[in-house]
2 protein chains.
Amino acid sequence: MLVLIAIDAMGGDFGPRVAVPAALRALNKDPCLSVLLVGDLSTIRPLLPENSPLLNRIQFRHSDISVAMGDSAKHALRHQKGSSIHLAVQAVADQEADACVSAGNTGALAVISRYLLKMYPGVSRPAICSQLPVNGGECLMLDLGANLGCDADDLYQFALMGSAMAEVMQSKVSPSVGLLNVGEEELKGTELVREAADIMATSTAIRYEGFIEGSDIFSGQVDVIVCDGISGNTALKTSEGVVRFLFQQIRQGFRNTLYGRVVSILVRPVLKSIKRSLNPERYNGAVLLGLQGVVVKSHGAAEVEGFYRSILHATHAVRSGLCERVGDKVANRGADTSL
Amino acid sequence: MLVLIAIDAMGGDFGPRVAVPAALRALNKDPCLSVLLVGDLSTIRPLLPENSPLLNRIQFRHSDISVAMGDSAKHALRHQKGSSIHLAVQAVADQEADACVSAGNTGALAVISRYLLKMYPGVSRPAICSQLPVNGGECLMLDLGANLGCDADDLYQFALMGSAMAEVMQSKVSPSVGLLNVGEEELKGTELVREAADIMATSTAIRYEGFIEGSDIFSGQVDVIVCDGISGNTALKTSEGVVRFLFQQIRQGFRNTLYGRVVSILVRPVLKSIKRSLNPERYNGAVLLGLQGVVVKSHGAAEVEGFYRSILHATHAVRSGLCERVGDKVANRGADTSL
């Protein structure tokens with residue numbers, strides 16, 4: 001299936017320096033892929049190889065406005081209509097492109113996508129959903145920060161959307177859902193979380209397995225982890241920090257003794273391969289679920305490998321019919337719950 | 001300075017089997033320490049050595065009521081007045097003991113302590129504060145789950161109390177304070193967090209350094225990390241899970257190849273020492289700050305090493321005058337802030 005991905009080449013910490021080589025790599029990998037590069041063509045064009053056959057599968061759209069990381073989403077929507085994010089999402093709204101990928105301002109991407117693509121009926125707000133490496137495989141977690149406040153029904157929508165994504169993109173049959181909660185006994189969760197748990201427990205549209213604590217996110221107990229944006233963002237960022245800290249400690253630990261320094265030479269290839277398997281670049285590319293179109297957010301700090309994975313992820317989302325499945329799942333929730 | 005610690009010997013996953021050996025170890029370590037063991041004496045006494053001189057520094061108080069992990073805090077307070085938690089905290093309230101340590105139900109411990117010991121004026125609620133190993137040293141983080149909802153002024157109180165603890169227990173001069181926040185640009189925090197940041201920025205009673213993200217908790221950027229109980233609990237539990245997952249992956253990584261299996265034998269001592277240095281047992285013992293008395297919560301799953309650390313931590317808190325310093329710091333906030 002031919003797929004055209006609109007790429008905001010100006011976002012993230014590295015802009016076209018990462019987005020363009022990543023696009024070329026994706027084109028090389030997937031012969032049925034085309035891309036629309038959106039951004040400042042005077043910086044994009046010099047990054048392309050001359051006379052490459054890949055050029056036949058690249059389209060261009062010029063924009064000299066980039067939304068900065070610190071810009072407010074509303075400002076970006078109202079006053080930067082010609083921005084590279086805006087034009088990339090617009091291409092999806094106009095059915096010119098099948099999906100878009102951006103490493104730019106998350107808030108702006110969410111607000112612009114919501115405005116241009118609209119939500120599926122029954123979805124109040126987009127949720128950021130990402131894959132995580134866990135014991136024995138992968139799980140999906142949402143929301144990772146698109147929503148700072150949400151109610152019990154929003155959490156249930158996240159559960160439906162996450163389940164749909166696990167079904168079509170990871171081919172999981174009846175994926176299990178866990179609701180992130182704090183662990184202290186007396187404090188077993190806010191009213192919000194308990195209310196959401198009640199809704200999920202009565203739903204036949206998802207396979208709800210109960211609460212899970214932060215300590216079990218990586219245990220592989222469930223396929224989909226549902227949480228509000230603050231908790232999800234906190235958990236995700238904390239995990240990144242812990243992994244970095246731990247590898248620092250391991251490096252330091254080997255340096256501390258002569259024995260360690262000698263052994264570290266032998267160990268390096270093994271640790272490298274472990275680090276590679278956990279590399280966040282491998283799991284880069286979060287989907288904004290609930291939108292009537294595929295929008296993938298690449299990490300702002302992602303390098304070529306990470307951005308490339310985001311493009312492939314978007315392509316896979318298009319081919320697997322992710323959005324339609326999410327829309328169906330949410331539309332059919334009424335038949336399945338008593339609420 | 002002679003210190004007497006009341007120990008709830010019935011709490012946690014292991015009860016007296018952990019609490020009693022831990023108490024003996026602490027008595028061995030610190031000749032100026034005495035303990036009051038509270039709990040079912042028919043199970044406690046057989047765990048003690050006969051004719052040991054340590055027995056001179058052990059007092060006993062019988063209780064045959066234990067608060068279960070699943071009991072509600074209010075139920076424990078109202079209907080289990082003779083419980084081992086209750087009697088241990090009561091000993092502090094009656095100035096019979098200098099501090100108490102429990103591995104029992106956190107909610108019950110917090111509610112009973114608040115009822116019997118009272119808060120310092122100006123503190124709305126106790127906050128759970130624990131040390132964490134971070135790059136280059138240790139930091140303090142609070143609240144870790146005593147409060148599910150809190151307002152901006154509560155967060156400021158946490159900042160004052162955490163600073164006081166870093167000063168007296170870690171001998172840090174003018175400790176720096178960071179406020180945990182989500183990282184997305186547009187979503188730079190809830191109104192709550194922004195309001196708290198405004199208060200902290202104008203305070204001269206603390207050295208406020210700004211927001212920090214979850215990914216920087218372990219970077220050692222600040223001495224005190226302030227957050228609401230849900231975010232703190234989520235971050236802490238997630239960290240535990242990530243560490244466990246990572247060591248699993250490392251073990252697995254070494255097993256995957258013949259080379260790895262051979263090298264792993266050489267590496268074992270180094271990895272073991274790293275694991276030991278990060279062992280949560282080493283950092284076990286969270287203080288409930290804001291109470292007019294020292295109350296230390298040991299992790300429910302802590303083993304002898306961990307519980308022993310909690311007892312030493314409580315002893316250190318008493319000797320360093322932690323509670324009084326916390327009380328002073330909060331009392332003097334008025335002089336230092338314009339609010």
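Computation of the quantities below employed the complete heavy-atom set of this structure, encompassing side-chain atoms and omitting hydrogens, waters and symmetry-equivalent molecules. In what follows, chains are A, B, ... by sequence order, proteins preceding strands, each numbered from 1.
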Of the backbone (N, CA, C, O) and the side chain (C-beta and beyond), which part of [X] lies under 4.5 Å from a heavy atom of chain B, both, or neither?
X      : answer
A:Q248 : side chain
A:S239 : both
A:N135 : both
A:L180 : side chain

Just how far is it from atom CG of A:N233 to atom OG of B:S215, taken to the nearest 0.5 Å?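 Rounded to the nearest 0.5 Å, the CG-OG separation comes to 9.0 Å.
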Nearest-0.5 Å distance that lies between atom NZ in B:K237 and atom OG1 in A:T238: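 It comes to 13.5 Å.
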Without swapping roles, check the side chain of B:Y259 against the backbone of A:L266 for a donor-acceptor pair under 3.5 Å.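 Such a contact is found between B:Y259 side chain and A:L266 backbone.
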For B:S231 and A:T234, work out which heavy atoms get closest and say how close.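 So the minimum-distance heavy-atom pair works out to O-CG2, 3.8 Å.
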Closest approach of B:F218 to A:V242 (non-hydrogen atoms, all atoms of both residues):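 That closest heavy-atom pairing would be CE1-CG2, 3.3 Å.
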Using a cut-off of under 4.5 Å for heavy-atom pairs, which of A:S273, A:S219, A:G229, A:P133 has the most such pairs with chain B?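 Among A:S273, A:S219, A:G229, A:P133, the one with the most close pairs to chain B is A:P133.
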Is there a side chain to side chain contact (heavy atoms under 4.5 Å, CB included) between B:I217 and A:F245 once you walk through the steps? CA-CA 9 Å; B:I217 291 176; A:F245 171 65; over 6 Å; no
Might you confirm whether atom NZ of B:K81 has over 12 heavy atoms from other residues, nucleotides or ligands at distances under 6.0 Å?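 It does: B:K81 NZ has more than 12 such atoms within range.
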Please check if the number of heavy atoms outside B:R261 that lie under 6.0 Å from its CZ is greater than 12.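 Above 12, so yes.
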Test side chain to side chain contact (heavy atoms under 4.5 Å, CB included) on A:D216 and B:R244 and set out the steps. CA-CA 10 Å; A:D216 286 324; B:R244 204 187 318 134; 4.0 Å; yes
Under a 4.5 Å cutoff for heavy-atom pairs, which residue among B:G300, B:P269, B:G214, B:G241 has the most contacts with chain A?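 So the answer, after comparing B:G300, B:P269, B:G214, B:G241, is B:G214.
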